[in-house]
Enquirer: 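One structure follows; several queries about it will come next.
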Amino acid sequence: MKVELKIQRYNPETDAQPHFENYSVEAEPTDRVLDALLQVKGLLDGSLTLRKSCAHGICGSDGMRINGRNLLACKVLIRNLQQPIVVEPMKGFKIIKDLVVDMEAFFEKYRSVKPYLIQNEAAPQKERPQSPQERERFDDTTKCILCACCTTACPSFWSDPDYVGPAAIVQAHRFIQDSRDQGGEERLDILGDREGVWRCRTIFNCVEACPRDIDVTAAIGEVKRKLLFRKI
Amino acid sequence: MSGTIHQFDAIVVGGGGAGLYAALALSQNKVPTAVLSKLYPTRSHTGAAQGGIGAALGNKEEDHAEWHMFDTVKGSDYLADQDAVEIMCQEAVETVYELEHLGLPFNRTPEGKIDQRRFGGHTKEHGKAPVQRACFAADRTGHMILQTLYQQCIKNEVKFFDEFHVIDLIVQDKVCRGVVAYAVQTGELHLFHAKSVLFATGGSGRMFKITSNAHALTGDGMAIALRNGIPLEDMEFFQFHPTGIYKMGILLSEACRGEGGIIRNNNGERFMERYAPTIKDLAPRDIVSRCIYLEVRDGRGIGGKDYVHLDLTHLGKEVIEKKLPDISDFVRTYMGIDPVKDLIPIQPTAHYAMGGIPTNFNSEVVVDENGTALKGFYAAGECACVSVHGANRLGTNSLVDILVFGRRAGLSMANYCKETEFSPLPSNSEEPSRALLNQFKSGSERIAPLRSDLQSFMMDLCGVFRTEKLLKEALTKVKTLKERSTNLTISDKSQVFNSELLDAVELLNLIDLAWVTVESALARTESRGAHYREDYPKRNDAQWLKHTLASLSNDSVKLSYKPVKITKFQPQERKY
Ligand SMILES: Cc1cc2nc3c(=O)[nH]c(=O)nc-3n(C[C@H](O)[C@H](O)[C@H](O)COP(=O)(O)OP(=O)(O)OC[C@H]3O[C@@H](n4cnc5c(N)ncnc54)[C@H](O)[C@@H]3O)c2cc1C
Ligand code: SF4
Ligand code: SF4
Ligand code: FES
């Protein structure tokens with residue numbers, strides 16, 4: 001079938017402003033939007049620029065706005081979308097070129113919440129024991145692929161770019177809830193700060209955007225409760 | 001394209017499991033290290049690994065590293081080097097514990113131990129029955145490994161150069177001195193002067209049309225080594241995984257069968273019972289893939305077409321949702337069907353390169369039949385060939401391989417850096433890279449059609465079944481493509497994020513690798529593991545119990561061979 005696409009283009013060397021271009025390619029209804037974009041790149045305009053790798057929703061490279069929603073281009077099929085398919089970069093980060101945005105600020109926030117196991121005791125010979133129930137408490141947030149779909153769908157982030165954002169809170173949650181971790185207090189200090197969890201107004205955009213079906217607001221809620229509980 | 005120069009004792013190229021584990025080991029040893037990766041490290045394909053990592057922990061039932069070793073050697077069709085396999089299977093155990101200590105969220109048994117499950121070709125007591133050896137975190141084990149290692153590298157403040165695409169290796173007088181990289185965001189060339197360089201650049205599955213491999217898996221490290229005069233080992237052995245989603249190639253992990261899934265033909269028959277009566281659907285991948293092709297050829301594909309069914313329906317919703325959640329999600333998203341109720345159309349998908357840059361068990365690159373190491377150059381992970389997988393890799397053994405030999409690489413490099421000074425950088429080290437990148441200005445051939453040409457004929461002529469006739473045809477085609485590729489053109493002229501330029505470079509890499517693959521396959525007149533010659537259907541140990549070394553010089557491929565290291569297990573007929 002014919003697929004009509006309307007893609008936002010921007011080349012920093014030649015364009016003052018981003019603008020839209022229209023393209024039409026042949027694709028199967030069961031193809032991914034990513035396949036259609038690569039058809040455009042392969043056959044119509046080799047300069048169309050996007051990030052991609054795994055092509056099945058697991059690496060987090062190709063988050064973008066598709067028909068106004070943050071999605072992974074490789075995880076949405078053409079048959080599920082209205083045409084023309086409107087494709088734009090994620091909102092809130094500097095555009096480097098076409099659909100590629102500068103992710104540095106995103107990773108900086110990720111790093112700011114100490115996203116690693118903090119354990120000060122010597123490791124045992126074998127595994128540190130953990131019950132399936134303890135493991136279950138943070139299962140959901142281990143699924144995060146750092147695609148930034150949530151953060152760039154968040155109105156609080158759009159209005160305050162310093163807000164640490166849902167993705168970083170998800171990462172912190174994964175460790176705060178891990179029975180093996182000893183850095184919970186440090187992370188709660190960071191998230192209790194001005195640009196931390198209290199910026200979240202529980203608008204749920206992030207949950208809807210997450211391609212890994214992580215219950216982002218539930219995680220944020222748990223962190224908020226931990227903070228409240230701590231203050232009493 | 002000006003040449004900025006950096007200096008680090010150790011350069012790690014690749015931010016997948018192998019590269020990150022090496023970087024972690026280097027940082028723990030306080031060696032100034034930088035990781036260069038063309039993708040953000042967390043985008044690496046290690047993150048796609050689903051099913052598990054094999055280690056004889058014995059948490060669910062009795063198991064021993066020695067049993068793991070036997071299975072690996074048998075699975076390899078006796079082509080693996082047994083000294084390296086022994087190290088791998090022993091160190092697998094401590095590696096898994098170390099990963100747990102670093103925070104990896106493994107699934108747990110009711111007693112709180114790391115949970116384990118069955119996987120193809122892993123058995124107890126040398127083949128008596130399947131054994132639960134694969135340690136796992138749901139069906140996203142690779143994702144958890146990648147995240148955990150990246151997290152620890154952040155903690156240890158490892159220096160990352162993200163979206164730096166390595167173009168060339170700098171070698172002079174048999175000493176490796178660094179790499180040349182293209183900064184994707186700025187279009188500048190950077191020189192990295194180093195005492196030691198590790199290639200951990202992953203696989204090359206994009207050579208084939210139907211593949212489980214990411215777009216980025218274009219065998220860059222292997223191709224750069226080849227262009228620098230280093231032969232590639234055993235490139236004719238490429239694994240086709242039996243259960244790829246029909247037409248898309250997306251992998252449905254062997255964990256599906258580990259949990260009890262069954263493959264059925266058009267008659268609904270569990271046909272693996274006929275071919276491998278003892279372990280049935282859990283036979284190694286080379287065998288199951290061939291059986292699927294045979295069923296299809298005999299008209300028992302679904303509706304007479306070129307696919308069969310994976311049946312998970314008897315596992316029940318609970319097992320499917322809890323132990324195979326991502327796989328269920330793939331099936332729902334991409335096929336629009338429900339694995340709890342529906343049969344899943346599958347076909348073999350190009351999955352894993354057993355061959356690669358030859359190394360010894362300290363991850364040093366060895367450049368000839370005598371095992372001579374190239375000073376300062378290391379390789380680990382899928383781009384390397386130790387060889388622990390021989391002619392066919394067992395499931396869960398790549399994650400073991402990348403971690404065990406990634407860490408060994410880090411430790412070897414740390415030792416080497418401590419006792420070695422920097423060798424000077426040759427002048428004009430970036431010239432060959434500059435020439436490579438500047439050659440696409442005036443051509444007329446477009447990248448996409450050439451690439452799909454390559455992928456199609458490699459799939460059809462150099463895939464699961466091979467013959468002299470098919471391979472000769474493939475050779476003619478690859479030579480024609482090589483010729484045409486000198487005339488490639490790109491339309492993107494910008495300096496910023498010119499991914500089209502890199503697509504062209506990657507295509508050149510794939511063509512060179514396809515060439516040595518076809519020549520190696522044509523020469524090997526026997527069937528072993530994943531390399532199946534219909535015109536030579538038997539394994540021939542008298543003539544072919546040896547590793548291929550293929551080098552590319554003056555536009556021709558030269559083949560030589562080196563012996564297999566056999567320690568504990570003498571070759572036997574491979575029956576399951
Ligand atoms: C879908 C799937 C499922 C799998 N499941 C399992 C499993 O359950 N168990 C198992 O044992 N194995 C499994 N495997 C195999 C295993 O995942 C891979 O073999 C392994 O992860 C490879 O790791 P690596 O570190 O060598 O490379 P990768 O993780 O592929 O990383 C390669 C790195 O090199 C970088 N790179 C490449 N070229 C360049 C360049 N030119 N310049 C700079 N950087 C470069 C990339 O950016 C990337 O960071 C699976 C594979 C696939 C495809
Ligand atoms: S719930 Fe909070 S984090 Fe999520 S989109 Fe709304 S404000 Fe942002
Ligand atoms: S929480 Fe979901 S949307 Fe946000 S970065 Fe992680 S995977 Fe992406
Ligand atoms: S390409 Fe990996 S998530 Fe889409």
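First the proteins, then the strands, lettered A, B, ... as listed; each starts at 1. What's counted below: heavy atoms across the whole structure, side chains too, no hydrogens, waters or symmetry copies. No experiment lies behind these values; they were computed from the predicted model shown.
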Enquirer: Hey, are the side chains of A/Pro129 and B/Lys113 touching, using non-hydrogen atoms and a 4.5 Å cut-off?
Expert: no
Enquirer: Is there a side-chain contact between B/Tyr97 and A/Arg128, using heavy atoms and a 4.5 Å cut-off?
Expert: no
Enquirer: Would you mind checking which part of A/Leu77 comes under 4.5 Å of any heavy atom in chain B, side chain (CB onward), backbone (N, CA, C, O), both or neither?
Expert: side chain
Enquirer: Tell me which of these, A/Gly46, A/Gly42, A/Ser61, A/Ser131, has more heavy-atom pairs under 4.5 Å with chain B than the rest.
Expert: A/Gly46
Enquirer: Between A/His56 and B/Tyr334, is the ring centroid distance below 6.0 Å?
Expert: no
Enquirer: Considering only heavy atoms, which portion of B/Ile447 lies under 4.5 Å from any heavy atom of chain A: side chain, backbone, both, or neither?
Expert: neither
Enquirer: What part of A/Thr30 gets closer than 4.5 Å to chain B, counting heavy atoms only: side chain, backbone, both or neither?
Expert: backbone
Enquirer: When rounded to the nearest 0.5 angstrom, what is the spacing between CD in B/Glu500 and CG in A/Leu48?
Expert: 10.0 Å
Enquirer: Heavy atoms only, distances under 4.5 angstrom: which of B/Met144, B/Lys247, B/Glu111, B/Glu94 has the most pairs with chain A? Name it, please.
Expert: B/Met144
Enquirer: I'd like to know which of B/Glu98, B/Met248, B/Arg451 tops the heavy-atom pair count under 4.5 Å against chain A.
Expert: B/Met248
Enquirer: Is B/Glu163 in contact with chain A via its backbone, its side chain, both, or neither, using a 4.5 Å heavy-atom distance?
Expert: side chain
Enquirer: Below 4.5 Å, heavy atoms only, C-beta onward: do B/Leu102 and A/Leu117 meet side chain to side chain?
Expert: no
Enquirer: Examine whether an atom of B/Leu104 lies under 4.5 Å from a heavy atom of chain A, and if so say whether it belongs to the side chain, the backbone or both; otherwise answer neither.
Expert: backbone
Enquirer: Please identify, among A/Ile96, A/Thr142, A/Ile58, the residue contributing the most non-hydrogen atom pairs under 4.5 Å to chain B.
Expert: A/Thr142
Enquirer: Of the backbone (N, CA, C, O) and the side chain (C-beta and beyond), which part of B/Lys38 lies under 4.5 Å from a heavy atom of chain A, both, or neither?
Expert: neither
Enquirer: Among side-chain atoms of B/Asn59 and A/Glu127, is any donor-acceptor pair under 3.5 angstrom?
Expert: yes
Enquirer: Return yes when atom NZ of A/Lys126 has more than 12 non-hydrogen atoms of other residues, nucleotides or ligands closer than 6.0 Å, and no otherwise.
Expert: no
Enquirer: Around atom NZ of B/Lys155, are there more than 12 heavy atoms from other residues, nucleotides or ligands closer than 6.0 Å?
Expert: yes
Enquirer: With a 4.0 Å cut-off, would you call A/Lys97 and B/Asp492 a salt bridge?
Expert: yes
Enquirer: So does A/Cys59 get a backbone contact from the side chain of B/Arg43, meaning a donor-acceptor N/O pair under 3.5 Å?
Expert: yes
Enquirer: Just so I understand: if I count every heavy-atom pair under 4.5 Å between each of B/Gly47, B/Ala216, B/Ala448, B/Ser499 and chain A, which residue has the most?
Expert: B/Ser499
Enquirer: Which of the residues A/Gln39, A/Arg174, A/Gln133 is involved in the greatest number of heavy-atom pairs with chain B at under 4.5 angstrom?
Expert: A/Arg174
Enquirer: For the residue pair A/Leu43 and B/Arg446, what are the closest heavy atoms and their distance?
Expert: O-NH1, 3.4 Å
Enquirer: Given that the side chain runs from C-beta out, which part of A/Ile145 has a heavy atom under 4.5 Å from chain B: side chain, backbone, both or neither?
Expert: both
Enquirer: Is it the side chain or the backbone of A/Gln125 that comes within 4.5 Å of chain B heavy atoms, both, or neither?
Expert: backbone
Enquirer: Measure the OG-CG distance between A/Ser47 and B/Asn498 for me, rounded to the nearest 0.5 Å.
Expert: 8.5 Å
Enquirer: A quick test of your reading: do over 12 heavy atoms of other residues, nucleotides or ligands sit less than 6.0 Å from NZ of B/Lys493?
Expert: yes
Enquirer: For B/Asp162, is it the side chain, the backbone, both, or neither that has a heavy atom closer than 4.5 Å to a heavy atom of chain A?
Expert: neither
Enquirer: Measure B/Phe497 against the heavy atoms of chain A and call it side chain, backbone, both or neither at under 4.5 Å.
Expert: both
Enquirer: Is the count of non-hydrogen atoms from other residues, nucleotides or ligands lying under 6.0 Å from B/Glu318 atom CD greater than 12?
Expert: no
Enquirer: Can you tell which part of B/Pro110 gets under 4.5 Å to a heavy atom of chain A, answering side chain, backbone, both or neither?
Expert: backbone
Enquirer: To the nearest 0.5 angstrom, please state how far the CG atom of B/Asn156 sits from the OH atom of A/Tyr116.
Expert: 9.5 Å
Enquirer: With a sphere of 6.0 Å drawn around CZ of A/Arg69, does it hold more than 12 non-hydrogen atoms of other residues, nucleotides or ligands?
Expert: no
Enquirer: Counting only non-hydrogen atoms closer than 4.5 Å, does B/Ser452 touch chain A with its backbone (N, CA, C, O), its side chain (CB onward), both, or neither?
Expert: neither
Enquirer: Do NZ/NE/NH1/NH2 and the carboxylate oxygens of A/Lys143 and B/Asp326 come within less than 4.0 Å?
Expert: no
Enquirer: Answer yes or no: is there a donor N or O on one side and an acceptor on the other, between the side chain of A/Arg135 and the main chain of B/Arg108, under 3.5 Å?
Expert: no
Enquirer: Quick one: CG on B/Leu251 to SG on A/Cys54, what's the gap to the nearest 0.5 Å?
Expert: 12.5 Å
Enquirer: Strictly below 4.0 Å, N to O, side chains only: are A/Arg180 and B/Glu100 in salt-bridge contact?
Expert: yes
Enquirer: Name the region of A/Pro12, side chain, backbone, both or neither, that has any atom closer than 4.5 Å to a heavy atom of chain B.
Expert: side chain
Enquirer: Between A/Lys75 and chain B, which part of the residue has a heavy atom less than 4.5 Å away: side chain, backbone, both or neither?
Expert: both
Enquirer: What residue, out of A/Arg51, A/Gln119, A/Lys114, A/Arg111, has the most heavy-atom pairs lying under 4.5 Å from chain B?
Expert: A/Arg51
Enquirer: Would you mind checking which part of A/Glu134 comes under 4.5 Å of any heavy atom in chain B, side chain (CB onward), backbone (N, CA, C, O), both or neither?
Expert: neither
Enquirer: With a 4.5 angstrom heavy-atom cut-off, could you sort out which part of B/Leu99 is near chain A: side chain, backbone, both or neither?
Expert: neither
Enquirer: Taking side chain as everything from C-beta outward and backbone as N, CA, C, O, which of these in B/Ile114 sits under 4.5 Å from a heavy atom of chain A? Side chain, backbone, both or neither.
Expert: both
Enquirer: Side chain, backbone, both or neither: which part of B/His101 has an atom under 4.5 Å from a heavy atom of chain A?
Expert: both
Enquirer: About how many Å separate OH of B/Tyr40 and CZ of A/Phe106, when rounded to the nearest 0.5 Å?
Expert: 10.0 Å
Enquirer: Of all the heavy-atom pairs spanning B/Asp503 and A/Lys52, show the shortest one and how long it is.
Expert: OD1-NZ, 4.4 Å
Enquirer: Is there side-chain contact between B/Phe160 and A/Phe107, with at least one heavy-atom pair below 4.5 Å?
Expert: no
Enquirer: In terms of heavy-atom proximity below 4.5 Å to chain B, should A/Gln130 be classed as side chain, backbone, both, or neither?
Expert: both
Enquirer: So do the side chains of B/Arg140 and A/Arg212 get within less than 4.5 Å of each other, counting heavy atoms only?
Expert: yes
